2 protein chains.
Amino acid sequence: MAVTDEAIEKIKSMIVSGALRPGSRLPKESELAADLGLSRNSLREAVRALSLIRILDVRQGDGTYVTSLDPQLLLEALSFVVDFHRDDTVLEFLAVRRILEPAATALAAPLITEGQLDALSRQLDELGEDPPVEDLVAADLEFHRGIVRSCGNSVLCSLLDGLSGPTTRARVWRGLTQEDAVGRTLREHRAILAALRDRDAEAARSWATVHIASVEQWLRSTL
Amino acid sequence: MAVTDEAIEKIKSMIVSGALRPGSRLPKESELAADLGLSRNSLREAVRALSLIRILDVRQGDGTYVTSLDPQLLLEALSFVVDFHRDDTVLEFLAVRRILEPAATALAAPLITEGQLDALSRQLDELGEDPPVEDLVAADLEFHRGIVRSCGNSVLCSLLDGLSGPTTRARVWRGLTQEDAVGRTLREHRAILAALRDRDAEAARSWATVHIASVEQWLRSTL
DNA sequence: TGCGGCACAGACGTCCGATGTATCCGCCCA
DNA sequence: TGGGCGGATACATCGGACGTCTGTGCCGCA
């Protein structure tokens with residue numbers, strides 16, 4: 001195995017084993033390179049790779065630190081990876097989202113606060129009846145994120161965040177080409193909110209399913 | 001932004017835009033470095049980072065290539081990230097798996113072939129009634145993977161593969177400490193198989209839910 | 001005494017050039 | 001025609017030098 005790969009593994013094991021705790025600082029590059037028995041250049045490649053996926057946080061002039069390792073942070077890297085998927089796999093991502101999002105919405109039903117529901121309602125109202133497509137899609141993303149954040153499971157929340165990215169483009173196309181997509185989206189959003197206000201988890205789940213399925217159906221008929 | 005980060009972005013955009021297609025070869029390091037306006041060392045850091053998450057495949061003595069970008073391949077990197085999560089988030093991962101796995105199992109019901117079902121049955125039989133815990137856990141992983149692979153959605157399949165890792169350890173503890181965990185697991189596996197043979201998606205979904213919920217419940221009571 | 005600016009030290013950022021090593025491929029020989 | 005050898009190519013690794021940024025403490029001013 002290449003020395004850089006070895007270094008990645010060693011740093012990983014130092015973290016997993018607990019020798020390096022979240023937030024703790026690594027020895028400076030030259031020292032760590034000497035400890036691990038490689039050059040600073042090669043070590044830097046390892047550090048750079050780990051920082052891309054948010055395991056390490058390097059701060060110029062300061063030092064290199066282990067991140068908090070929060071699920072939220074680590075799964076953020078997922079969206080980077082997801083960006084590379086080609087359009088022909090959007091349907092598969094959407095299918096996964098169709099499984100997760102209704103479940104997350106149902107979980108949020110008993111947990112989301114009145115204040116958060118009010119904020120979501122307000123955002124919907126501010127959007128108006130006939131917003132530009134870009135605004136709608138942005139609001140759509142924010143709407144679902146707002147609900148999912150209240151599902152009580154940060155892994156689930158981050159996963160959905162990462163998966164929602166690639167389907168965003170699909171929604172843009174849809175808004176541009178399908179009649180009444182805007183009105184339909186807004187109506188479905190209001191229905192989801194109403195179900196949440198009633199603390200009706202099953203209704204919320206169903207509306208979320210319907211909401212995503214309509215996008216999925218449209219996309220399937222288009223491709 | 002650092003030149004290396006710029007390079008990562010540029011390479012990414014070259015791939016996303018289609019200038020670099022899956023399987024195509026990148027210019028050699030020195031040329032690419034010159035094109036992007038940075039040194040070979042810094043470029044190497046960018047390439048190394050992208051190869052860690054399976055975007056690029058570098059072959060010594062040959063060249064650097066864009067991978068197939070299959071969801072399966074890219075989500076493999078997920079398990080690397082997941083390894084870093086501490087034990088206190090296992091429950092959250094398990095909760096997500098509890099959502100996805102029953103859905104995947106239900107999806108597999110109409111798709112899985114008789115041959116595959118036979119193979120899974122055979123593996124269960126070969127395991128015997130009272131296998132060592134390690135064997136059971138390995139077989140458990142293989143069992144679920146075998147089913148999920150037939151769900152017709154490679155994104156879902158890879159995602160579950162990545163998420164199943166961290167819960168594995170939990171299952172080991174359980175097998176070691178809980179009375180009859182082995183027998184219960186085997187019975188539940190047989191029930192899932194029977195439901196699949198009947199092409200009864202709902203029954204399969206329910207058994208899968210029960211199966212994972214029992215692990216979850218045990219874990220929750222233990223922590 | 002308290003505050004703000006400045007200078008220094010430490011650590012990461014970037015680059016260069018050289019050398020090692022694996023792979024590919026064409027030439028040569030049997 | 002088949003197989004082995006060697007050159008060309010490209011990645012792997014190294015050591016060192018210099019730039020740039022950050023944190024910190026000293027020092028002077030109010």
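On a predicted model such as this, the values are computed, not experimentally measured, just so you know. Letters A, B, ... mirror the listed sequences (proteins, then strands); counts begin at 1.
- Residues from residues 63-70 of chain A lying near DNA chain D, meaning a heavy-atom separation below 4.0 Å, are absent.
- What you find for A:Leu69 and B:Phe84 is that their closest heavy atoms are CD1-O, 4.0 Å.
- Annotation: side chain of A:Thr64 is not in contact with side chain of A:Asp57 (no heavy-atom distance under 4.5 Å).
- Side-chain contact between B:Met14 and B:Ile11: present, with at least one pair of heavy atoms (C-beta onward) separated by less than 4.5 Å.
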Can you name the atoms? Protein N/O to nucleotides 7-9 of chain C N/O, anything below 3.5 Å, with the distance.
none

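- Under the rule for a side-chain contact (heavy atoms from CB on, under 4.5 Å), the partners of A:Ser121 that lie at least two apart in sequence or sit in another chain are A:Leu193, A:Arg197.
- Note: A:Leu52 CG to B:Glu45 CD = 12.0 Å, rounded to the nearest 0.5 Å.
- In terms of heavy-atom proximity, A:Ser30 sits nearest to A:Arg40 at N-CD, 4.3 Å.
- Across all strands, B:Asp62 comes closer than 4.0 Å only to sugar-phosphate atoms, never to a base (heavy-atom distances).
- The rotation axes computed at either terminus of the helix from C:dT1-D:dA30 to C:dA30-D:dT1 lie 0° apart, taking five pairs at each end and rounding to 10 degrees.
- Residues B:Glu216 and B:Arg220 are paired through a salt bridge, judged by an N-O separation under 4.0 Å between the basic side chain and the carboxylate.
- Here salt bridge (charged side-chain N to carboxylate O under 4.0 Å, His left out) pairs that include residues 69-79 of chain B, with residues two or more places apart or in two chains, are B:Arg54-B:Glu76.
- The aromatic rings of A:Phe143 and A:His189 lie parallel to each other, with less than 30° between the two planes, well short of the 60° mark.
- Considering only residues two or more places apart in sequence or on other chains, A:Glu6 meets the side-chain contact (heavy atoms from CB on, under 4.5 Å) condition with A:Met1, A:Lys10.
- A heavy atom closer than 4.0 Å to some atom of DNA chain C occurs in no member of residues 21-36 of chain B.
- Note that OG of B:Ser68 and CG of B:Leu74 are 7.0 Å apart. Values are rounded to the nearest 0.5 Å.
- Not a single ring pair (Phe, Tyr, Trp, His ring centres under 6.0 Å) links A:Tyr65 to another residue, sequence neighbours left out.
- Spacing between atom CG of B:Asn41 and atom C1' of D:dG19 amounts to 15 Å, rounded to whole angstrom units.
- What you find for B:Ile53 and B:Ala77 is that their closest heavy atoms are CA-CB, 4.0 Å.
- Heavy-atom minimum distance, A:Leu56 versus A:Ile15: CD2-CD1, 4.2 Å.
- In this structure B:Ala109 satisfies the side-chain contact (heavy atoms from CB on, under 4.5 Å) test together with B:Leu196, B:Ala201, sequence neighbours excluded.
- Within residues 53-61 of chain A, the residues that have a heavy atom under 4.0 Å from DNA chain C are, in order of number, A:Val58, A:Arg59, A:Gln60, A:Gly61.
- Using modelled atom types and a 3.5 Å distance limit, the side chains of B:Thr113 and B:Gln116 yield a donor-acceptor pair.
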Between the protein and nucleotides 4-7 of chain D, which nitrogen or oxygen pairs come in under 3.5 angstrom?
none

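- Between B:Leu107 and the choices B:Ser150, B:Pro102, B:Cys151, the side-chain contact (heavy atoms from CB on, under 4.5 Å) rule is met once, by B:Cys151.
- Near DNA chain C, meaning a heavy atom under 4.0 Å from it, residues 44-51 of chain A has A:Arg44, A:Arg48 in order of number.
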Checklist entry - Please walk me through it: do B:Ser154 and A:Glu92 pass side chain to side chain donor-acceptor pair (under 3.5 Å)? => result CA-CA 7 Å; B:Ser154 61; A:Glu92 296 198 351; 2.7 Å; yes

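- Side-chain contact between B:Leu75 and B:Asp161 is absent, with no heavy-atom pair separated by less than 4.5 Å.
- Each of A:Arg40 and A:Val3 has a nearest nucleotide on DNA chain D; the 5'-most of these lies closest to A:Val3.
- To the nearest angstrom, C1' of C:dT14 lies 13 Å from CG of B:Asp5.
- The shortest distance between the side-chain N/O atoms of B:Ser42 and the OP1/OP2 oxygens of C:dC15 is below 4.0 Å.
- Counting heavy-atom neighbours within 6.0 Å of A:Arg21 CZ, excluding the residue itself, gives a total of 12 or less.
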